[in-house]
Chemist: 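Okay, here's the structure, questions in a sec.
All values below come from the heavy atoms of this structure, side chains included, with hydrogens, waters and symmetry mates left out. Chain A is the first sequence line, chain B the second, and so forth, proteins listed ahead of strands; every chain is numbered from 1.
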Protein chains: 2
Amino acid sequence: MSEAEELGALRDQIDAIDQQIQQLINERARCAQQVAEVKQKYCSPGDSVVFYRPEREAQVLRKIMARNQGPLGDESMARLFREVMSQCLALEEPLTVAYLGPEGTFTQQAALKHFGHAVSCAGQISIADVFREVESGAAHFGVVPVENSTEGVVTHTLDSFVESNLLICGEVTLRIHHHLLTSEPSASVTRIYSHAQSLAQCRLWLDQNYPNVERIAVASNAEAARRASQEPGAAAIASEAAAELYALKPVHANIEDQPDNTTRFLIVGQQPTQSSGDDKTSILVASRNEPGALYHVLEPFHRDGVSLTRIETRPSRSGTWSYVFFIDFEGHRDDERIVPLLAEIQSKAVDFKWLGSYPKAVL
Amino acid sequence: MSEAEELGALRDQIDAIDQQIQQLINERARCAQQVAEVKQKYCSPGDSVVFYRPEREAQVLRKIMARNQGPLGDESMARLFREVMSQCLALEEPLTVAYLGPEGTFTQQAALKHFGHAVSCAGQISIADVFREVESGAAHFGVVPVENSTEGVVTHTLDSFVESNLLICGEVTLRIHHHLLTSEPSASVTRIYSHAQSLAQCRLWLDQNYPNVERIAVASNAEAARRASQEPGAAAIASEAAAELYALKPVHANIEDQPDNTTRFLIVGQQPTQSSGDDKTSILVASRNEPGALYHVLEPFHRDGVSLTRIETRPSRSGTWSYVFFIDFEGHRDDERIVPLLAEIQSKAVDFKWLGSYPKAVL
């Protein structure tokens, strides 16, 4: 056989496979429509039908990754099925997702990574607006950064949960890169601007490469880029987007000390999420400002061997001497071992709020 | 049956379908690997194997859209297969695509729309840099805007083709939205800044809503947003990204007169693309500045009934009194009716350059 014949035969084979895949995807879409019909049939009058089930999606993706034999990688395969589910869901109910904008932000990337590309994304100008859009029902879900300290937004997100009744129903992680930017790459750098958090994330690299250069913390990485564009000898640590906006050039790319510098986002919605079998729970606990307060809150987790994944402390707005702890731990509110633990913590705390149980990030 | 039983049965069915889809996708990936092996076997020493074939992808997507029976829409189905092909290709050869950055630009969106999400995207700070990356082989393909006049880049892209030997091997279209932004939504607007092209794209809306307000054309929409953020009473027409950067609020969203205000991008590469059966060709023709010059160039197209899709005129850099025409028309260089036509135009022109024949945008 010639090259053309060999390739022709393989392409015919691929076309035949594509035809089968296409039939199956449409068959899957019909099943999804039937799921919607069943849900509507059993829905009480006045209640709204919940089409999107985060725990079900997480389970499907985990199964796919577990049984995958290749040659496509597990992540690649899961991403494809994320898109298949996204398109099938759009048939039942086109989802609207509010995110902290503008277009092109990491938060939008997180929204698309979690929901696939068949949703309609609505960028909001503040975290409070994202919460309002979901509370009012204008959006089905919201996506907000929660560990993206460089933009100074973590605390806004946490504080929003104190006032809001929205629940966390998912999490997404993304990798983030920092660059050293100047307007004049050949000139020597006499000072480096950035948000304190970004300076911290690049500390080792700065110590090695610019040990004697002044580091100045400013309000945001965008502000740092603005200054670097105006002051001779100044450089900024910021993203590619900031480089373009202020016509800066990247002198060094990807200078963050941790190569997997990831940022975490939360999905917020109105409905509680059922157990997916591998979940996280977030709670808010207020305690008095007395010695050992945090220790007393954490003790039951330690005793029962429940892993804490994150703790944040915030001053409470309501009492002068009180603190609020935001605690993430492994497990679902309905898990057998978690039910008594939560009851115990609730009984000990001055104030307690369950913020949601949700599947761990799959991708 | 109860709701839970009915849903359980449907979900088992979906899981069974997913398993089949997954097997078929992996089978498809194995075929793609075999295609790569055949190509390598027949590749002459010193030549590099071409894995990505734009015409083949366009054909596959068109077939899928043509035979699609639903319930998933044709576009949704094609998008899914775009991603399947993207992941399969990444197994053969992970593609690097250079685009006009920064991250989050429309050009990046165009790159992902065309190549799917399994490519590695490298943002460049200028169109010249995109061309250089592809010419040097650092990137396999480049993506540049060609009808996105609001960023003032069209002419750069066209002029780049005069000097470069890169070929056009694809086109992508995207929808673009404009918003009216101010820092103080309650204050009255006394002047509106924007790029001339954006002012033109929103002219009817402005005539109706702000008939007596001064319109001032500035260098870019980002510059317009910057001014609106500093001058009381000033508004800007710009994107959502500009709104966030300058802390402006959208007073009115999507104010463009044409609801399908699309922008066109070109894919550039080193290899010519074979006929896909529904193609466009771009050429560059230089002619003397004499009466009827353009008419003489266009006459053969008219005579042979070949549709022109676009003509741009640029002053030539080489001669004082010459012009360069960039012409897009329907058909492929190898099509029977196009071969003699191109020969005729080439014989008439002072200078002639074939910039590429490529599949029409499928999605």
Chemist: So, does A/Asn26 use its side chain to make a donor-acceptor pair with the main chain of B/Asn68 at under 3.5 Å?
Modeler: no
Chemist: Can you tell me if A/Arg79 and B/Gln87 form a side-chain donor-acceptor pair at under 3.5 Å?
Modeler: no
Chemist: Below 4.5 Å, heavy-atom pairs only: which of A/Lys63, A/Gln69, A/Gln23 has the largest tally toward chain B?
Modeler: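 Ranked by contacts with chain B, first place is A/Lys63.
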Chemist: Heavy-atom cut-off 4.5 Å, strictly under: side chain, backbone, both or neither for A/Arg53 against chain B?
Modeler: side chain
Chemist: Is it the backbone or the side chain of A/Val35 that comes under 4.5 Å from a heavy atom of chain B, or both, or neither?
Modeler: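 Both backbone and side chain.
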Chemist: Quick one: do B/Lys41 and A/Glu6 make a salt bridge, cutoff under 4.0 Å?
Modeler: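 Here B/Lys41 pairs with A/Glu6 in a salt bridge, since their nearest N and O are under 4.0 Å apart.
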Chemist: Which answer fits A/Ile21, side chain, backbone, both or neither, if we ask what part of it has an atom under 4.5 Å from a heavy atom of chain B?
Modeler: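 It is both, since atoms from each part get that close.
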Chemist: Between B/Val60, B/Leu10, B/Val84, which shows the greatest number of heavy-atom pairs under 4.5 Å with chain A?
Modeler: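 Top option by heavy-atom pairs under 4.5 Å: B/Leu10.
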Chemist: So which of A/Gln22, A/Arg28, A/Glu83, A/Gln33 has the largest heavy-atom pair count under 4.5 angstrom toward chain B?
Modeler: A/Gln22
Chemist: Can you find a heavy atom in the side chain of B/His117 that is under 4.5 Å from one in the side chain of A/Leu80?
Modeler: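 Side chain of B/His117 against side chain of A/Leu80, heavy atoms only: no contact under 4.5 Å found.
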Chemist: Select, from B/Arg30, B/Arg67, B/Met77, B/Lys249, the one with the greatest count of heavy-atom pairs under 4.5 Å involving chain A.
Modeler: B/Arg67
Chemist: Is it the backbone or the side chain of A/Met85 that comes under 4.5 Å from a heavy atom of chain B, or both, or neither?
Modeler: neither
Chemist: Just by distance, do the side chain of A/Glu27 and the backbone of B/Ile17 share a donor-acceptor pair under 3.5 Å?
Modeler: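 Judged by distance alone, no pair lies under 3.5 Å.
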Chemist: Calculate, to the nearest 0.5 Å, the distance between atoms CG and CD1 belonging to B/Leu72 and A/Ile25 respectively.
Modeler: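 One finds 7.0 Å between CG of B/Leu72 and CD1 of A/Ile25.
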Chemist: Go through the atoms of A/Lys39 and report whether side chain, backbone, both or neither lie under 4.5 Å from a heavy atom of chain B.
Modeler: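 Backbone plus side chain of A/Lys39, per the 4.5 Å heavy-atom cut-off to chain B.
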Chemist: Checking heavy atoms, do the side chain of A/Ser2, its backbone, both or neither come under 4.5 Å from chain B?
Modeler: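 Just the backbone, heavy atoms under 4.5 Å.
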Chemist: Within the side chain of B/Gln13, is there an N or O that forms a donor-acceptor pair under 3.5 Å with the backbone of A/Cys31?
Modeler: no
Chemist: Does any backbone or side-chain atom of A/Ala29 lie under 4.5 Å from a heavy atom of chain B? Answer side chain, backbone, both or neither.
Modeler: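 Its backbone and side chain both get close to chain B.
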Chemist: I need the B/Leu24 CG to A/Leu24 CG distance, nearest 0.5 Å.
Modeler: 6.0 Å
Chemist: Check each atom of A/Arg56 against the heavy atoms of chain B and say whether the ones under 4.5 Å are side chain, backbone, both or neither.
Modeler: side chain
Chemist: Can you name the nearest heavy-atom pair linking B/Met1 to A/Tyr42, along with the distance?
Modeler: O-OH, 2.9 Å
Chemist: Please classify the contact of A/Arg11 with chain B as side chain, backbone, both or neither, using a heavy-atom distance under 4.5 Å.
Modeler: both
